Amino acid sequence: MTQRISLTRYLIEKQRGSQDAGGQGTIPPQLRLLLEVVARACKSISLAVTKGALGGVLGAAESENVQGEIQKKLDIIANEVLIEANEWGGHLAAMASEEMEGIYTVPNRYPQGEYLLMFDPLDGSSNIDVNVSIGTIFSVLVKDPEGPTVSEQDFLQAGHRQVAAGYCIYGPQTTLVLTVGDGVAMFTLDREQGSFVLTQENVRVPEDTQEFAVNMSNMRHWAAPVKRYIDECLEGKDGPRGKDFNMRWIASMVADVHRILTRGGIFMYPWDKREPGKPGKLRLMYEANPMGWLIEQAGGAASTGTERILDIQPTQLHQRVSVVLGSKNEVERVMRYHAEHQG
Ligand code: AHM
Ligand code: MG
């Protein structure tokens, strides 16, 4: 029987480093502990999600988040689980979430650590009540050690400064997908044992694809380069691409990205002219950055259409961004169409 490697063991081995590399670890002990706590919180969220109507967790709560979206009960539960699990361990200075307007500073009664954790506690909220895959997305940054106290400003770092990122998808299986900057690994939750088990390492996104994911109902609002790209896909074998394309849109970014990490594809939630001043729908700090880094770490690309997502210098915690990510050659094609349109 091949040996099962738990998330704990995987992380300890990362911390220790390989003998070939002179025992130089890729993650410090505090980051390892932090990731273990995030994984533990995801296990509790998975349990709540699985109970569904039996746990009384479905439906809307009587509140809105900072973006004016009606919160679902599970959005709030997942947010609380993540905060309660992470606030006391001593690894974090502060947290930020899609469901909270400002940052959450670790209370004075607990020791403060050097890390900053951001999350979308339950992405794909519109799918909660209809029993379609949803997930938790997270991103970890290091706080500037010079600053005496922690503020929102500490979070405003470009995505290429992330030290860990991942998501946990609650689908037919619960799977945690993680990068600490040396590739992407997937861990499946063994419900009987209660532990995440390594099920895939060195995840790679194929460079080419014949599958796209976009909300087609927004087509009439798109910018010309995006419309050109999708039009050409739709023309299939008879068009300039010379091949047929398939379409998938789950409306849970975690599920769409998980499919792309598994078999390739391109995902787009581009800017559109419904609200011209709004750069896109998805949020940079806790959706586009972590997903963009995972995709890059798996050999894919992540862009706004005109620039690399991970190079954007954020100015606001909840800022939105246009997202094009997935198989490298397709993302580069979309970027080329933008450049041709401008030039
Ligand atoms: P959420 O964080 O409120 O769930 O919104 C993000 C979700 C993404 O998971 C998904 O890609 C997108 O919104 C779907 O949007 P739409 O319903 O416009 O297709
Ligand atoms: Mg979301």
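Predicted, not measured: the structure shown is a model, and the values here were computed from it. Start at 1 and go down the list; that is how both ligands and their atoms are numbered. These values consider heavy atoms only, across backbone and side chains, with no hydrogens, waters or symmetry-generated copies.
- Within the 4.5 Å cutoff, no side-chain heavy atoms of V38 are placed close to those of F119.
- For the side chain to side chain contact (heavy atoms under 4.5 Å, CB included) test with N86, the passing option among V106, L92, V81 is L92; the others fail.
- The residue N218 has no part lying near ligand 1, judged by heavy-atom distances below 4.0 Å.
- Residue S126 places every heavy atom at 4.0 Å or more from ligand 1.
- Ligand 1 has no atom lying under 4.0 Å from any heavy atom of D256.
- Of all the listed residues (A251, S217, P121), A251 holds the heavy atom that lies closest to atom 10 (C) of ligand 1.
- Shown in contact with E98 at under 4.0 Å from a heavy atom are these atoms of ligand 1, numbered in order with element: 1 (P), 2 (O), 3 (O).
- Salt bridge present: D256 and R259 bring a charged side-chain N and a carboxylate O closer than 4.0 Å.
- For the side chain to side chain contact (heavy atoms under 4.5 Å, CB included) with L317, the lone residue among Q153, R283, E152 that qualifies is E152.
- At least one N/O-N/O distance between G124 and ligand 1 falls below 3.5 Å.
- The shortest side-chain heavy-atom distance between I76 and E99 does not fall under the 4.5 Å cut-off.
- Side-chain contact between S139 and F155: absent, with no pair of heavy atoms (C-beta onward) separated by less than 4.5 Å.
- Contacts between Y286 and ligand 1 below 4.0 angstrom, taking non-hydrogen atoms only, are absent altogether.
- Less than 4.0 angstrom separates some heavy atom of N215 from each of these atoms of ligand 1: 16 (P), 18 (O), 19 (O).
- Screening E114, H91, Q15 for a side chain to side chain donor-acceptor pair (under 3.5 Å) with Q30, the sole residue that qualifies is H91.
- Here is the list of ligand 1 atoms found below 4.0 Å of a heavy atom in E287: 2 (O), 6 (C).
- Taking a cut-off of under 4.0 Å to the non-hydrogen atoms of L282, the atoms of ligand 1 that pass are 6 (C), 8 (C).
- Listed by number with element, the atoms of ligand 1 under 4.0 angstrom from any heavy atom of S252 are 9 (O).
- At least one N/O-N/O distance between K281 and ligand 1 falls below 3.5 Å.
- In this structure the side chain of K281 reaches within 4.5 angstrom of the side chain of R320, judged on heavy atoms.
- A donor atom on one side chain and an acceptor atom on the other are not found under 3.5 Å apart for E201 and Y10.
- The option with the heavy atom closest to atom 5 (O) of ligand 1, from among E99, R283, M253, is R283.
- For ligand 1, the atoms sitting less than 4.0 Å from at least one non-hydrogen atom of D120 are 2 (O), numbered in the order shown with element in parentheses.
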